[in-house]
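Here the structure is a predicted model, which is why all the values come from computation and not from measurement. Convention: sequence-line order gives letters A, B, ...; per-chain numbering from 1.
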Amino acid sequence: MSFLKRTHNCGELRLSDSGEKVTLNGWVHKRRDLGGVIFFDLRDRFGMTQVVVNPETADSDLYELAKTVRSEFVIAIEGEVTARPEPGKNKEMQTREIEIYISKLEILNKAESTPFEISAADDIHEDTKMKYRYLDLRTPKLQNNIVTRHKYYQIARNYFSQNNFVEVETPILMKSTPEGARDFLVPSRMHNGRFYALPQSPQTYKQLLMVAGFDKYFQIVKCFRDEDLRADRQPEFTQVDVEMSFVDEIDVQETTEGLMKKLFKEFRNTELELPLPRMTFAEAMSRFGSDKPDTRFEMELSEVTDLVCESDFQVFKDTKERGGIVTGICVKGGATFSRKKLDELTDYAKKFKVKGLAYFKLGEQLSSPIKKFFSEELMQRVFDTFSAEQGDLILLVADQTETAQVATGELRLKIAKEMNLIDESKDSIFWVTEFPLLEYSEEDERFVARHHPFTAPLTEDLELMDSDPLKVRARAYDLVWNGHEAAGGSIRIHQNSVQEKLFKLIGLSEEEAREKFGFLLDALKYGTPPHGGIAFGLDRQVAQFCNVDAIRDVIAFPKTVSASSPMDGSPSNVSEEQLDQLGLRIKN
RNA sequence: GGAGUGGUAGUUCAAUUGGUUAGAGCACCUGCCUGUCACGCAGGAAGUUGCGGGUUCGAUUCCCGUCCAUUCCGCCA
């Protein structure tokens, strides 16, 4: 069956096309029936064009048919491009200077009235939109996001190809490994009782590709983690995965920067200045209380341990004695915060494991629960340290170094968001380097790799691996963009002996290490080049370029926060037969 | 696993100290309307108040449980 096929899309006709006979296909976005003349806004993914049916010029069959057309009908129209008497009032509409005088109309398919209006989808609750995701995807906003994502793929692929990288696919069914996130497991009919795992990332494979001599590898790849979701976390997400041989961290960073420059050119229309700034982990923590600081606003942390320990406040002194610090921020204009507000901030800080929050409120009167422990003169020196003026608020946190810094950093962020201090039109993008190699897990009562267990230690810190493992810095780097980790990577261990030593440090016995990573340890013995790489969180980056908060909005078919899909009903039960074949039984 | 917010018509919201027939905008349906672009006007249909239980003469409203959405903490090398 044939139909009127489009000669143009709904976003491309302009005044200069006047007089031309065109055919358009699309969805009826809105319809305005004035009793005589009828207007449609015809929509496709390229835009919208106004279509006019005039009873005086259209024949009566056409007019009667046009009267039956409703929102979201799929139609084909033929007609003449005509200048409008007045340009359309909708300034967003690029075709607003013209309209199509219709001479033929075909209804290609009718539509029931949709569960929500495509033209007003912004305020609809997420559950309704998720159930009818294919309708939400009709909205110009989501269509733009998905197209931006497409462009990102293209730019990345071109960039890496032009720079001599090879795209290689790695297995989706792989071996379950310890460390890191929970795996999604996949049973198999052929191997009852055994399981594949979906990759949390292709980490081991890309290192093996380096052993194999593939020099420069990249892949745009799905990764899977069975952890709780957030606005910026989905159980399956996409990484731009990169690995390079014969490189150090500067080479990997330069490669990354080159791509970011192209992306910023395309999506922000700005020239990114290279090289990007560098900040060590230690500096990020002490200045911003975060390993991914948002530097679009100030309110930096100041450490005042020695100063405040001149007071008689025992809590500060005890903290110092136990090796902790006192750090804080100055909230400009924060003296207006109510007691209730300060209680709320205290509760918020406690979420991050500090015991309390001290403050100096420089209002009409100085107000502070700890001022009796401070001399006038000492207080003034504290204020000076923070450059605090009348009307400001100083918040102080005392605890072990990292705990105090993190809690203060979180307060800094929360307050900045509430006081609207973040300039969304700016971009803050830079490297954070020299992460600690290890951290101590209270839960597991052992050291765990902060990045992953293949990350190389800084050469000058190698000897610390025996004496003071927590002090060892890693050759790891994160690209931080507007307070998010946009990419993260490291130079890998390419010597078997160092790798084995690290496994030992994180409590993996030789047997366990062999059992879990034997193939990698073996490979490292057969001539492994120095190598390193990085992985970009594609969803997060695209979300940033689209100026949306949730990566849900840049994924065609995302999961809800409970990791399910209201649209297709996954995950779902399966039949007894399926379970039997897999040798599985549901416990309860 | 924990905390916050929300769930009432297709949809977005309202409903006084617990009170009688649960309202409004948009969408939908009918009629009118020849330059709209949030078209306009008149009328109409549309409800398991998420679900289950409890208190009460009476529950959208109070209590308990539970489900869903969303944000955050834990978790996510």
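- Between the CD1 atom of Ile124(A) and the P atom of A27(B) there is a distance of 13 Å, given to the nearest Å.
- Here the separation of U55(B) from C64(B), taken at their C1' atoms, is 11 Å to the nearest Å.
- The interatomic distance linking Glu117(A) (CD) with A27(B) (P) rounds to 6 Å, in whole Å.
- The nearest whole Å value for the distance from the CD1 atom in Ile38(A) to the P atom in C37(B) is 16 Å.
- Within 3.5 Å, a donor on the side chain of Arg84(A) pairs with an acceptor on the base of C37(B), or the reverse.
- Sequence neighbours left out, the pairs with a member in residues 41-61 of chain A that pass side chain to side chain donor-acceptor pair (under 3.5 Å) are His29(A)-Arg43(A), Arg32(A)-Asp41(A), Arg32(A)-Gln50(A), Arg43(A)-Glu72(A), Gln50(A)-Glu99(A).
- Side-chain N/O atoms of Arg225(A) and base N/O atoms of C76(B) include no donor-acceptor pair closer than 3.5 Å.
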Scan the side chains in residues 342-352 of chain A for donor-acceptor partners under 3.5 Å anywhere in the protein, sequence neighbours excluded, and list what turns up.
from: Asp343(A); atom 1: OD1; to: Arg339(A); atom 2: NE; distance (Å): 3.4
from: Glu344(A); atom 1: OE2; to: Lys341(A); atom 2: NZ; distance (Å): 3.4
from: Thr346(A); atom 1: OG1; to: Leu342(A); atom 2: O; distance (Å): 2.8

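- Contact between the side-chain N/O atoms of Arg552(A) and the OP1/OP2 oxygens of U71(B) is found at a separation under 4.0 Å.
- Taking atom CG on Asp291(A) and atom P on C76(B), their separation rounds to 14 Å, with Å as the unit.
- Going from atom NZ of Lys131(A) over to atom C1' of A69(B) covers 13 Å, rounded to whole Å.
- Partner assigned to G52(B) is C64(B), using Watson-Crick or G-U wobble distances below 3.5 angstrom.
- The partner of A46(B), taking Watson-Crick or G-U wobble pairs whose two distances both stay under 3.5 Å, does not exist in any strand shown.
- Here Arg70(A) reaches the OP1 or OP2 of C29(B): one of its side-chain N or O atoms lies under 4.0 Å away.
- Note: Phe517(A) and Phe503(A) have parallel aromatic rings, judged against thresholds of 30 and 60 degrees for the angle between ring planes.
- Inter-residue side-chain proximity for Gln253(A) and Leu479(A) is flagged as unmet; no heavy-atom pair is nearer than 4.5 Å.
- Of the side-chain N and O atoms in Ser113(A), none sit less than 4.0 angstrom from OP1 or OP2 of G10(B).
- Residue pairs meeting the side chain to side chain donor-acceptor pair (under 3.5 Å) criterion with at least one partner in residues 117-133 of chain A, sequence neighbours excluded, are Glu126(A)-Arg552(A).
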After noting the C-alpha distance and the side-chain angles of Ile493(A) and Thr455(A), does the key distance pass the side chain to side chain contact (heavy atoms under 4.5 Å, CB included) rule?
CA-CA 6 Å; Ile493(A) 298 169; Thr455(A) 303; over 6 Å; no
Review item, nucleotides 1-8 of chain B N/O atoms under 3.5 Å of protein N/O:
from: G1(B); atom 1: O6; to: Asp228(A); atom 2: OD2; distance (Å): 3.3

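- Here the side chain of Arg182(A) pairs no donor or acceptor atom with the backbone of Glu227(A) at under 3.5 angstrom.
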Any chance you could list the contact pattern along nucleotides 38-43 of chain B? Use B for base contacts, S for sugar-phosphate-only contacts and - for none, protein heavy atoms under 4.0 Å, 5' to 3'.
SB----
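- For the pair Glu227(A) CD and C72(B) P, the computed distance is 16 Å after rounding to whole Å.
- A cation-pi arrangement is absent between Arg475(A) and Phe435(A), since the terminal nitrogen or guanidinium carbon is not both under 6.0 Å from the aromatic centre and inside a 45° cone about the axis.
- Partners of Glu78(A) according to the salt bridge (Lys or Arg N to Asp or Glu O under 4.0 Å) rule, which considers only residues two or more places apart in sequence or in another chain, are Lys21(A), Lys104(A).
- Here Phe116(A) does not lie in a stacked arrangement on the base of U11(B), lacking the combination of planes under 30° and ring centres under 5.5 Å apart.
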